[in-house]
Number of protein chains: 2
Amino acid sequence: MKNQALPTLADVAKRAKVSTATVSRCLNFPDQVSASTRDRVMSAITELGYTPNFGARVLAAKRTNTIGAIIPTMENAIFARGLQAFQEELKYHGFTLLVASSSYREEIEEEQIHKLVSRGADGLLLIGAHRSDKIYKFLEQRNIPVVLSWVFRPDLNQYSVGFDNCEAMKELTNKIIDLGHKNIAVISASMHNNDRAYQRVLGIKSALKDANIEEQSLTIYETSYGIDEGAEAFKKVIKTKTRPTVILCGNDVLAAGAMRQAKKMGIRIPQDISITGFDDLQLASIVSPSLTTVHVPHRKMGKDAAQILVNLVTGRKVKEKSIKLETTLCIRESLGPVK
Amino acid sequence: MKNQALPTLADVAKRAKVSTATVSRCLNFPDQVSASTRDRVMSAITELGYTPNFGARVLAAKRTNTIGAIIPTMENAIFARGLQAFQEELKYHGFTLLVASSSYREEIEEEQIHKLVSRGADGLLLIGAHRSDKIYKFLEQRNIPVVLSWVFRPDLNQYSVGFDNCEAMKELTNKIIDLGHKNIAVISASMHNNDRAYQRVLGIKSALKDANIEEQSLTIYETSYGIDEGAEAFKKVIKTKTRPTVILCGNDVLAAGAMRQAKKMGIRIPQDISITGFDDLQLASIVSPSLTTVHVPHRKMGKDAAQILVNLVTGRKVKEKSIKLETTLCIRESLGPVK
DNA sequence: TTGTAGGCGTTATCAC
DNA sequence: GTGATAACGCCTACAA
């Protein structure tokens, strides 16, 4: 009852009075078959409501036309949007996307990588570069092409398409220093296993150094992803001895939380304190005051990553190992000069 | 070169000096195997870096422990968040999630349904109820359990877990009428193939009727999903002869767009015009004025849907065909009394 | 252009 | 507890 037999290739073949090989060809290489038999086969297929069995097909053909992607979380709009573009491009090339999420946790990501590979993913899109050598070796041994995104890391022996997190944040920090800010606080995502967050903070430090501002005056607060987390962090950060005149947040969501909390506490932005984000989510231009942030070319990143992966998987050459995309500063109302 | 042979069950068996059957048992029913041989097999597995071949497994076992989900778009946070909960619950039960998106288009959804089924999805999560009989028949014939979410539709012969879109919107509209509003405009998602949008507008009409307000005074503007679309719609709607005193938006994103445009045009919210949304995305409480909206229990919906699907797929009984979840009104600053 | 037949890596049913 | 072995549904040389 549960498994009433589904039609198979053989059923179609019988009905169309041809061999299974011919049916298979109709599906995979239609022009190797004469028009008349093809018609006969095709109508047999629709009459029977036949759908090829994916498992069998994979087993026999050894490729799946499937690309896997692992993102930290679907709840973060920036990944979702990049992935949408990635998927559209894959589809255009006849590939299917398999998504998994890691909840920002390294061991879960490894688990998901194994799962996607065992499901026959022909290639993988991963976010960021921080992961164990072991897992990179595993993928190499399995001959599974990997593209890292959200980072530009020519220093690593991996394909990557993304932007320089360090440089982007440094640029923003320079701007902030120009405005006279010296007491700077940072609300960052956990840097431990997140090289994007780490690099961003690195960018801040580098800018400070260039400006001869001592690192001592830099308060860094690490927290996890979320609006409430941003708000909570703001509470903490605001009470450091020398109150910061600006808070650089590692992403827009943390910044939105910080802004919410500031308002709640009657602290005016940017008059009393400036706040900046990173990502340029839609919400950045909607909140008021509008949020100063760094625009990330998520759609282009997704599309480029898809193209590279398709090329790698189909055995074509890929010129550059790493593609660098530009970010742009979005100076909006939430950043003002220090008084 | 491309496909250096991966270790198979047979390789493991040889190395552990047992039969393939035993290795298979170690993997699937460990306690049917003696501890000593199990240890031997397990170490052989790690030494070889063996991973089971998914395709072969599916072919032989006829089930995939995979549930498919098709959402309109990953870019809409509300779906992404519901899906996250859905996925967590599935994982807890040992199932894997396969996601696809339809771009709000019926024919693409059908295509994706076929794809997921051919990939061996044991069950399917779909959003809303609007789709052809043909596709429902297809799924029934294939014996694939389906759960609809985002809607509560006891009138249909399908499992569903969600809320009553009509009732929820009616409740909000009643509140609005209480505040004295009579000139009402609606910015809705396209209703053509979207029963959630359709039902929401139905709720508005129903409330008007109950209050003896003639439908003539109701302006409905349909548009597609997006902030910019909401802004554009606002421009149009605001210039109807009798300018509305309130605009009900079909979702928070459209509402955010409308608010942005209102500000741009110097129209004050809620003094000059009230605006409401639907979904209660995080942005609803962050924008200012904060957005009056309807809270949707997305996480519970995802979790419940996962549980039902797991039960159906594993052949267990499911008591109720439709589960109704409650929505809650979130009255915030963007809604005021009519002057 | 079409057909034959072997094999892909597992699972599961038997015996032993 | 363990081992043979027959499916599972499709692809793809190789032949015709």
Side-chain angles (χ1 to χ4, degrees), chain A residues 2-42 44-45 48-66 114-115 117-120 122 142, chain B residues 2-42 44-45 48-66 115 117-120 122 142-143:
Chain A
K2 181 88 209 305
N3 266 311
Q4 47 174 309
L6 294 179
T8 71
L9 248 203
D11 297 325
V12 176
K14 203 182 302 171
R15 176 155 195 143
K17 302 199 186 306
V18 294
S19 71
T20 59
T22 300
V23 179
S24 175
R25 278 186 211 108
C26 281
L27 259 24
N28 300 299
F29 313 96
D31 31 49
Q32 286 181 20
V33 180
S34 77
S36 63
T37 55
R38 192 172 50 213
D39 287 351
R40 211 145 28 91
V41 170
M42 285 315 189
I45 287 181
L48 260 40
Y50 166 78
T51 320
N53 177 306
F54 182 73
R57 183 173 258 186
V58 170
L59 188 54
K62 296 184 158 314
R63 53 195 160 61
T64 58
N65 273 29
T66 294
H114 279 112
K115 181 172 283 180
V117 167
S118 91
R119 281 183 170 257
D122 294 331
R142 281 278 193 292
Chain B
K2 182 85 209 303
N3 265 309
Q4 47 172 310
L6 295 179
T8 70
L9 249 203
D11 297 325
V12 177
K14 203 182 301 172
R15 178 159 193 138
K17 301 198 186 307
V18 294
S19 72
T20 59
T22 300
V23 179
S24 177
R25 275 186 215 109
C26 281
L27 259 25
N28 299 299
F29 314 95
D31 31 49
Q32 287 181 20
V33 180
S34 77
S36 63
T37 55
R38 193 173 48 212
D39 288 350
R40 211 145 29 90
V41 170
M42 285 314 190
I45 286 180
L48 260 41
Y50 166 80
T51 320
N53 177 307
F54 181 74
R57 186 171 253 188
V58 169
L59 188 55
K62 295 183 158 317
R63 51 196 161 62
T64 57
N65 273 28
T66 295
K115 181 172 283 180
V117 167
S118 89
R119 283 188 166 253
D122 293 332
R142 281 279 193 294
N143 236 289

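In what follows, every chain begins at residue 1, and chains take the letters A, B, ... in the order their sequences are listed.
A residue-by-residue look at Val23(A) and Ala60(B) shows that Ala60(B) has its nearest nucleotide of DNA chain D further toward the 5' end.
Going from atom CZ of Arg38(A) over to atom C1' of dT2(C) covers 14 Å, rounded to whole Å. Rounded to an integer number of Å, the gap from Gln32(B) CD to dG1(D) P is 9 Å. What separates CZ of Arg40(A) from P of dT1(C) is a distance of 15 Å, to the nearest Å. Whole-Å rounding puts the Asp11(B) CG to dC8(C) P distance at 11 Å. The distance from atom NZ of Lys14(B) to atom P of dG3(D) is 15 Å, rounded to the nearest whole Å. The nearest whole Å value for the distance from the CG atom in Asn53(A) to the C1' atom in dG9(D) is 6 Å. Across the protein-nucleic acid pair, Ile45(A) atom CD1 and dC10(D) atom P stand 10 Å apart, rounded to whole Å. We find that CG of Leu27(B) is positioned 12 Å from P of dA12(C), with the value rounded to whole Å.
Between dG3(D) and Thr20(B), no contact under 4.0 Å exists linking OP1 or OP2 to a side-chain N or O. Contact annotation: Thr22(A) does not reach the phosphate of dT2(C) (side-chain N/O to OP1 or OP2, under 4.0 Å). Residue Ser19(B) places at least one side-chain N or O under 4.0 Å from the OP1 or OP2 atom of dG3(D). Checking the phosphate oxygens (OP1, OP2) of dC11(D), a side-chain nitrogen or oxygen of Ser24(A) falls inside 4.0 Å. Here Lys62(A) reaches the OP1 or OP2 of dG9(C): one of its side-chain N or O atoms lies under 4.0 Å away.
Side-chain atoms of Ala21(B) lie closest to dA4(D) of the nucleotides dC8(C), dA4(D), dG9(C). The side chain of Ala56(B) lies closest to dT10(C), out of dG3(D), dT10(C), dC10(D). Side chain of Asn28(B), nearest nucleotide from dT1(C), dT11(C), dC11(D): dT11(C). Residue Leu59(A) has its side chain nearest to dG9(D) when only dG9(D), dT12(D), dA12(C) are considered. Minimum atom distance to the side chain of Phe29(B) is reached by dA12(C), of the listed dT11(C), dC10(D), dA12(C).
Arg40(B) places a side-chain N or O within donor-acceptor distance of the main-chain N or O of Ala16(B), the cut-off being under 3.5 Å. No donor-acceptor pair closer than 3.5 Å links the side chain of Asp39(A) to the backbone N or O of Ser36(A).
Using a 4.0 Å heavy-atom cutoff across all strands shown, Thr37(A) reaches sugar-phosphate atoms only and no base atom. Val33(A) comes within 4.0 angstrom of sugar-phosphate atoms only, judged by non-hydrogen atoms across all strands, and of no base. Residue Val18(B) is classed as a sugar-phosphate contact, given heavy-atom separations below 4.0 Å to backbone atoms only. Across all strands shown, Leu9(B) has heavy atoms under 4.0 Å from base atoms, whether or not it also approaches the sugar-phosphate. Counting any heavy atom pair closer than 4.0 Å across all strands shown, Phe54(A) reaches no nucleic acid atom.
Side-chain atoms of Arg38(A) and Thr22(A) form no donor-acceptor pair, as typed in the model, at a separation below 3.5 Å. No side-chain donor-acceptor contact under 3.5 Å links Arg57(A) and Thr64(A).
For Arg25(B) and dG3(D), a side-chain-to-base donor-acceptor distance below 3.5 Å is present, hydrogens and geometry of angles not being considered.
More than 12 heavy atoms of other residues, nucleotides or ligands lie within 6.0 Å of NZ in Lys115(A), so this atom counts as buried by the packing criterion.
Residues Val23(B) and Val18(B) meet the side-chain proximity criterion, which asks for heavy atoms closer than 4.5 Å.
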